[in-house]
Amino acid sequence: NHHTLLRYQNAMNATLPLSGVKVLDLSRVLAGPLAAMTLGDYGAQVIKVERPGTGDDTRGWGPPFDANGEAAYFQCANRNKLSLAANFADPDDQALLRALIADADLVIDNFLPGVLARYTIDADSLLAENSRLVWCTISGFGADSARPGYDFVVQAEQGWMASTGEPEGAPMKAGVALADVLAGKDAIIALLALLAARERSPVPLPASQRRVQVSLAHSALAGLANVAQNALVSGAEARRWGN
């Protein structure tokens, strides 16, 4: 029973710092699910919305699979959540999603620009209707780009591969999808900051101040840290440093 599970989850999370915060996770694969899962680790009530039949892409990304046939990849970013299936093209499911959003504190999505609006899930309109709602969209290359985000591509384009590997060898990517992980962590930071601002403000924040955009490309660029600053200060391109 969905309501019984919610009550159980609330009881388990009652002593955690985000207890009582409701999160709707409309994202899939890694960056968004990781952000939503971490909020759940801190006590938020997280509902994950998946496609009927197949669910999140990562449910089938294996091996390895556990004894129940669940992919390890899916498990790494989806603990502490309740899940439901919704067909975004179905009017009844659209109404359900809008109702869940109306009751949420935070929404996370990683759809390409304009896709959700085609299914009557328009973030700007919903933010205007719910003065407490905070919304984070995670993209590959920013709010104005329709390019899908792939960690391998981002690592190459944002300079990580140029500084990773043996000095005389070929450029090399990190073994972990670090652009996705960094974007997920940046999404958590942004959502917590907006949540704090919402709670501290004596009046409702404007809708534009409760909407945040995070991208794999921007998070990866910021993640270059001293490698990027060295290039800015010296004028010299970064080099590969070995292990």
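- A donor-acceptor pair under 3.5 Å is absent between the side-chain atoms of Asn68 and the main chain of Glu70, judged by distance alone.
- Smallest separation of non-hydrogen atoms from Ala86 and Leu97: CB-CD2, 4.2 Å.
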Original post:
Between Asp124 and Trp135, is a side-chain contact (heavy atoms from CB on, under 4.5 Å) present by the stated rule, with each step listed?
Top reply: CA-CA 9 Å; Asp124 293 331; Trp135 195 302; over 6 Å; no
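- A salt bridge links Arg147 and Glu157; the closest N-O separation between the charged side-chain nitrogens and carboxylate oxygens is under 4.0 Å.
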Would Leu26 and Lys48 count as a side-chain contact (heavy atoms from CB on, under 4.5 Å) if you check the C-alpha gap in whole Å, the side-chain angles of each, and the deciding distance to 0.1 Å? CA-CA 6 Å; Leu26 302 179; Lys48 180 180 178 69; over 6 Å; no
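- Of the possible polar contacts, none joining the Asn226 side chain to the Gln229 backbone as a donor-acceptor pair under 3.5 Å is found.
- Put simply, Leu18 and Met37 are part of two different groups of oily side chains (I, L, V, M, F, W, Y) that touch within less than 4.5 Å, one to the next.
- Under the 4.0 Å criterion applied to side-chain N and carboxylate O atoms, Arg240 and Glu168 are not assigned as salt-bridge partners.
- When hydrophobic side chains of Ile, Leu, Val, Met, Phe, Trp and Tyr are connected at separations under 4.5 Å, Met161 ends up clustered with Phe152.
- Sorted pairs that involve residues 224-243 and meet ring-ring contact (aromatic ring centres under 6.0 Å, His included), not counting sequence neighbours, are lacking altogether.
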Given side-chain contact (heavy atoms from CB on, under 4.5 Å), test Val107 with Leu126 step by step and report yes or no. CA-CA 11 Å; Val107 175; Leu126 293 166; over 6 Å; no
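- Annotation: Glu199, atom CD; neighbour count of heavy atoms from other residues, nucleotides and ligands within 6.0 Å is above 12.
- The two residues Pro113 and Ala143 have their closest heavy-atom pair at CG-O, 3.5 Å.
- A cation-pi arrangement is found for Arg28 relative to Phe111, the charged atom lying closer than 6.0 Å to the ring centre and inside a 45° cone about the ring normal.
- With no hydrogens or angles considered, a side-chain donor-acceptor pair links Thr120 and Arg98 at under 3.5 Å.
- In this structure, Phe141 has its ring center no closer than 6.0 Å to that of Tyr150.
- Between the side chains of Asp151 and Gln155, at least one donor N or O lies within less than 3.5 Å of an accepting N or O.
- Shortest non-hydrogen contact noted between Ala31 and Asp180 is CB-O, 3.3 Å.
- Scanning all heavy atoms of the two residues, the minimum distance from Asn110 to Ser27 falls at OD1-CA, 3.3 Å.
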Between Asp57 and Arg51, does a side-chain contact (heavy atoms from CB on, under 4.5 Å) hold up when you go through it step by step? CA-CA 9 Å; Asp57 307 56; Arg51 288 172 296 192; 3.1 Å; yes
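- Checking Asp93 against Asn87 by side-chain atom types alone, no donor-acceptor pair falls below 3.5 Å.
- Surrounding NZ of Lys173 are more than 12 heavy atoms belonging to other residues, nucleotides or ligands, all under 6.0 Å away.
- Between Thr137 and Asp109, the side chains place a donor N or O and an acceptor N or O closer than 3.5 Å (distance only, hydrogens not considered).
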